Amino acid sequence: MEYKISLIPGDGIGPEIVGEAKKILDKVCEKYGHKFNYEEVLLGGASIDACGVPLTQEAIDTAKSSDAVLMGSIGGDAKTSPWYKLEPSKRPEAGLLAIRKALNLFANLRPAYLYDELKGACPLKEEVIGEGFDMIIVRELTGGLYFGERKTVEENGVRKAIDTLTYDEKEIRRIAVKAFEIAGKRRKKVTSVDKANVLDSSRLWRKVVEEVAADYPDITLEHMLVDNCAMQLVHNPGQFDVILTENMFGDILSDEASMVTGSIGMLSSASLNETKFGLYEPSHGSAPDIAGKGIANPIATILSAAMMLRFSLDLDEEADAVEAAVQQVLKEGYRTVDIMSEGMKQVGTKEMGDLIAERIC
Ligand code: IPM
Ligand code: MG
């Protein structure tokens, strides 16, 4: 089959890790007889440098015309990069939020999975790890606090900043449906996370999630307050299957969940709209401190490419092959520096990409 893929290398380690993911996709094409036509799209700091803004209409149009988008990471060092001297709406992160909105990518799936081979990197005690854990965070991505009206004003010489948190029932329903659908293919449990003891938006969230749950009688629904969830993730992570939550809570909890797995360098993500289209990116950021050093872990981006094969292109066998190749390389003891432990073989970004590519069969 022939597909059009938009590639967004972005900033920091982005170009290095996207290069390795492309290497893997090229190998998949060779082995399975597909053709991927790539088109590069500018986003974030790279777009600011080339076009003066973090996202252009041309970039949106190119992304929209493709079957899927694979992205590295965007952003730089907030203390030293000139991008952060610009007003907030012109900074790299604004480009990422804008492309999510423009492509209607309301469903962000962030798996957090503990690899047997990386148990040593998990910061939790063995008795807490137990049998390990395998959860997926389903984060609402185009609503809530990150997209509400905001302003900073001065009243009687006192500076005041206002952000607004809004959800309507349609936005809640469509993300809840995604979470229940995903849970149906997993261990059939949804934990909906909110702050219903304080926020109206959370009280509506809870009601709508319960209405959706009525259509999925075989799936267990539980509600959990976000502060408790933050605790439970380090106290008993094995209890979670699908965590369904709103934009800001999902942003925070997914970073926590990824840290608990031992390496944020391993975690993929998918951002989907109502159709099969999606944008795939690692859960980690652009790590400007190690950019260009050839040491970044490309696995999260490679696993994001596998998610792209599975969700947007319906190439399940190919996705399985990529995931198996990653597992095999870990089993053989190869590690990038972020997941390195005693007795293992340390490799750089390119070498890790080569090793995985060689094992795709
Ligand atoms: C993420 C990031 C973004 C977000 C930032 C860069 C805007 O933290 O993808 O989690 O908050 O969504
Ligand atoms: Mg985040």
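Whatever order the structure lists them in is the order used to number ligands and atoms, beginning at 1. As the structure is a prediction and not an experimental result, all values here were calculated from the model.
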Quiz item: Does ligand 1 have an atom that lies less than 4.0 angstrom from a heavy atom of His284?
Solution: no

Exercise. Report yes or no: do Glu39 and Ser6 form a side-chain donor-acceptor pair below 3.5 Å?
Key: no

Quiz item: Taking atom CD1 of Ile243 and atom CD1 of Ile137, what is their separation to the nearest 0.5 Å?
Solution: 4.5 Å

Quiz item: Say you draw a straight line from OG1 of Thr220 to CZ of Arg187; how long is it, rounded to the nearest 0.5 Å?
Solution: 11.5 Å

Quiz item: When you measure from atom 5 (C) of ligand 1 to every protein heavy atom, which one gives the shortest distance, and what is it?
Solution: Glu93 CG, 4.3 Å

Quiz item: When you measure from atom 1 (C) of ligand 1 to every protein heavy atom, which one gives the shortest distance, and what is it?
Solution: Arg110 NH2, 3.3 Å

Could you pull out every donor-acceptor pair under 3.5 Å between side chains of residues 354-361 and any protein atom, sequence neighbours left out?
from	atom 1	to	atom 2	distance (Å)
Asp354	OD1	Lys23	NZ	2.7
Arg359	NE	Glu332	OE1	3.2
Arg359	NE	Glu332	OE2	2.9
Arg359	NH1	Leu355	O	2.8
Arg359	NH2	Glu332	OE1	2.7

Quiz item: Are the side chain of Arg186 and the backbone of Asp134 linked by a donor-acceptor contact shorter than 3.5 Å?
Solution: yes

Self-check item: ligand 1 contact by Glu281, heavy-atom criterion under 4.0 angstrom
Solution: no

Self-check item: Nearest protein heavy atom with distance in Å, relative to atom 3 (C) of ligand 1
Solution: Arg100 NH1, 4.0 Å

Self-check item: Residue and atom name of the nearest protein heavy atom (relative to atom 11 (O) of ligand 1), distance in Å to one decimal
Solution: Asp251 OD2, 3.0 Å

Quiz prompt | Residues Tyr84, Glu93; criterion side-chain hydrogen bond (donor to acceptor under 3.5 Å, both in side chains); working and verdict | solution = CA-CA 10 Å; Tyr84 296 91; Glu93 288 73 10; 2.9 Å; yes

Quiz item: Just checking, is any N or O donor in the side chain of Ser312 or Tyr280 under 3.5 Å from an acceptor N or O on the other one?
Solution: yes

Quiz item: Closest approach of Pro282 and Ile17, non-hydrogen atoms and distance?
Solution: CG-CD1, 4.2 Å

Quiz item: So, Thr56 versus Glu58: side-chain donor-acceptor pair below 3.5 Å or not?
Solution: no

Quiz item: What protein N, O or S atoms come within a distance below 2.8 Å of the Mg ion (ligand 2), ordered by chain and number?
Solution: Asp251 OD1

